[in-house]
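What follows is a short report on a single structure.
Any value given below was found using the heavy atoms of this structure, including those in side chains, with hydrogens, waters and symmetry copies removed. Below, chain A is the first sequence line, B the second, and so on; all start at residue 1.
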Amino acid sequence: MQDSNGKRALNIALPKGRLGESVYGLFEQSGYASSQMGDGTRRLIFESDSGEARYFWVKPSDVWAYVERGVADIGIAGKDILLEYEPDVYELLDLGVGKCRMAVAALKGFRANPQRTLRVATKFANIARKYYAEQGRDIDIIPLHGSIELAPIVGLSDVIVDIVETGTTLRENNLEVIAEIVPLSARLIANKANYAFESARIDGIVDQIAGLLSEREQG
Amino acid sequence: MAQVNGGNGIAPALTPTGSERVIYELRSLYESYGFKQFSMSKFEQYDLYARNKDFLISENIITFTDTNGKLMALKPDVTLSIVKSTKDHEGVMQKLYYNENVYRVSKGTGTFKEIMQVGLECIGVVDFYSVYEVLQLAAKSLLTISPQCVLSLVDARIVTRIIGSFDASEEAKAEILRTIIEKNPHELSRACSEAGIEQESFDALVAIAQMHGAPSEVAEKLSEICAAFEISDVCDEFLSVVLALEEEFAQTSLAIKVDFSTTNDTNYYNAIGFRGFVQGISSSVISGGQYDLLMRKMGRKSGAIGFACYMDLLEELDEELAPYDIDTLIVYSASDDFKAVAEKAQELREAGESVMVQRKVPQKIRYRRLVEFGESAN
């Protein structure tokens, strides 16, 4: 697919779901609207009306793979995923949306026994391993894929490392944040090789979106 | 004899695959500049890598104990072996190229993979000419791989001296460098703020991180930044080389860019660094630079500069699959005269066709025509 100037469309990987839809709005306002987007189909690929952009809807945790392998020139990925998988990509812009934090949580009143290996349940093994390695703490990672909060309640783990948004789920399960690891938000990432060829177009999009975000912040 | 699946066209002579062609042409290119091939054993003492782990792309190494009890490794890297095997000769630049397999962990599968690497190393006094020659060869190597290519260049001294001028911890400086390499202005802002870097310096660092343009386009801005940090001498040296390179390759399809995300590990690389990209391959196919600091770590007085081309990545280039596996498939029966079959096959081969001879048609073979020999035609 090519635009009216004969250039190939820029491939953009968007995370399925609310975040992706909200970020698509930024691309739409930047002049890359697609009338196919609202037609109610379950299509995974949409093309912008100008022919300048092509969107892929992908699982949020897979966006980095599409970008790192160059199938997508740019994409939107959560900082949690970038820290966990450490893809070799550029991180060009913090979109400031989907703000939350990676944190350590435990049952209220939990006291860690320094003599014992700390049992950590998490979906983010790499982030947890790095965080505790920096503290020189021995840990045992229990990899889980969901309902992480259950682990300390039933004694599967001492603590959990997970994304915390409002903290409601933690409170409802008698858990509390005991340490914050890193703040998180959605980032615009780019493939390094594709950037070498398409830097002008990618930088143009980044500047437009940064401008919109700044207007929103001020307005 | 009957032709069943006819066709008069003869397939073109067997051509080398993309990577075979590139390897052959790169070797010819390097030899035309007087580089000599350096051949080495597949094995190296593990100790060499243990002492220089950070220099390696991956820390994982295949090791085994040799019959004499020494811990050996299958080479994960060529540069260290070349540096170890060469001696300093005052005033003489040793120019070597290699075409070797290395053994590294594949990021995708997490298992070891044999990777073909072609590259060159210059060991001696690294001056303007030797830097320029290596850059010329990197540029020509890229053009050999594919006409649509970009060579990104950097001088590590510019970022290391700017960051070195800050009164900040080593961790904070490393974090600032990481964010520049990631072109990550928001985290650069946070790192600078935590390190107490003043606004003017922060603005310069953002400009450095986001710089991506032809040497002639960025020269003014880069000179201005470097003048503010009193490193105009380094900047002028860098620009003189890259502007000359831009001029030399102006009439080609190669784009020369200045891009500080190209900065290699500053513990080993001390000056010019570069990466080469070709359209259609998702990561850099060429990586190199001047690594005098590695030489010092290995107790050497000489400087060194070189680069590697990662041939395994060439698989990503779309190579059109030939429509047929062979031109002619001859099928014979037990009663056919084997000499007559061999003569027929030879006759067709001499006419330029590829010929496979079988008792029956194999599955999954695509042939341009089928010749049933003798009785099998009935």
Crowded around [X] [atom1]? As in, over 12 foreign heavy atoms under 6.0 Å?
X: B/E247; atom1: CD; value: no
X: B/E220; atom1: CD; value: no
X: A/Y66; atom1: OH; value: no
X: B/K221; atom1: NZ; value: no
X: A/E165; atom1: CD; value: no

### Task
State which residues pass side-chain hydrogen bond (donor to acceptor under 3.5 Å, both in side chains) with A/D73; sequence neighbours excluded, sorted by chain then number.
A/R8, A/N194
### Counterpart residues, side-chain hydrogen bond (donor to acceptor under 3.5 Å, both in side chains), relative to B/K183 (two or more places apart)
B/D259
### Query
So which part of A/L93 gets closer than 4.5 Å to some heavy atom of chain B, the side chain, the backbone, both or neither?
backbone
### Toward chain B, the part of A/E198 with a non-hydrogen atom under 4.5 Å
neither
Which heavy-atom pair separates [X] from [Y] by the least distance, and what is that distance?
X: A/N191; Y: B/S282; answer: ND2-O, 3.2 Å
X: B/H212; Y: A/S199; answer: CD2-OG, 3.0 Å
X: A/F197; Y: B/V150; answer: CE2-CG2, 3.5 Å
X: B/E182; Y: A/V89; answer: CG-O, 4.4 Å

### Task
State which residues pass ring-ring contact (aromatic ring centres under 6.0 Å, His included) with A/Y24; sequence neighbours excluded, sorted by chain then number.
A/Y55
### Message
Using heavy-atom distances under 4.5 Å, tell me whether B/V278 contacts chain A through its side chain, its backbone, both, or neither.
### Response
backbone
#### Entry: Rounded distance [0.5 Å steps], OG in B/S283 versus CZ in A/R69
8.5 Å
### Message
Looking only at heavy atoms and a cut-off of under 4.5 Å, which of A/G70, A/A196, A/A65 has the most pairs with chain B?
### Response
A/A196
### Task
Enumerate by number any residue of residues 186-197 of chain B whose heavy atoms lie under 4.5 Å from heavy atoms of chain A; in the absence of such residues, state 'none'.
B/H186, B/E187
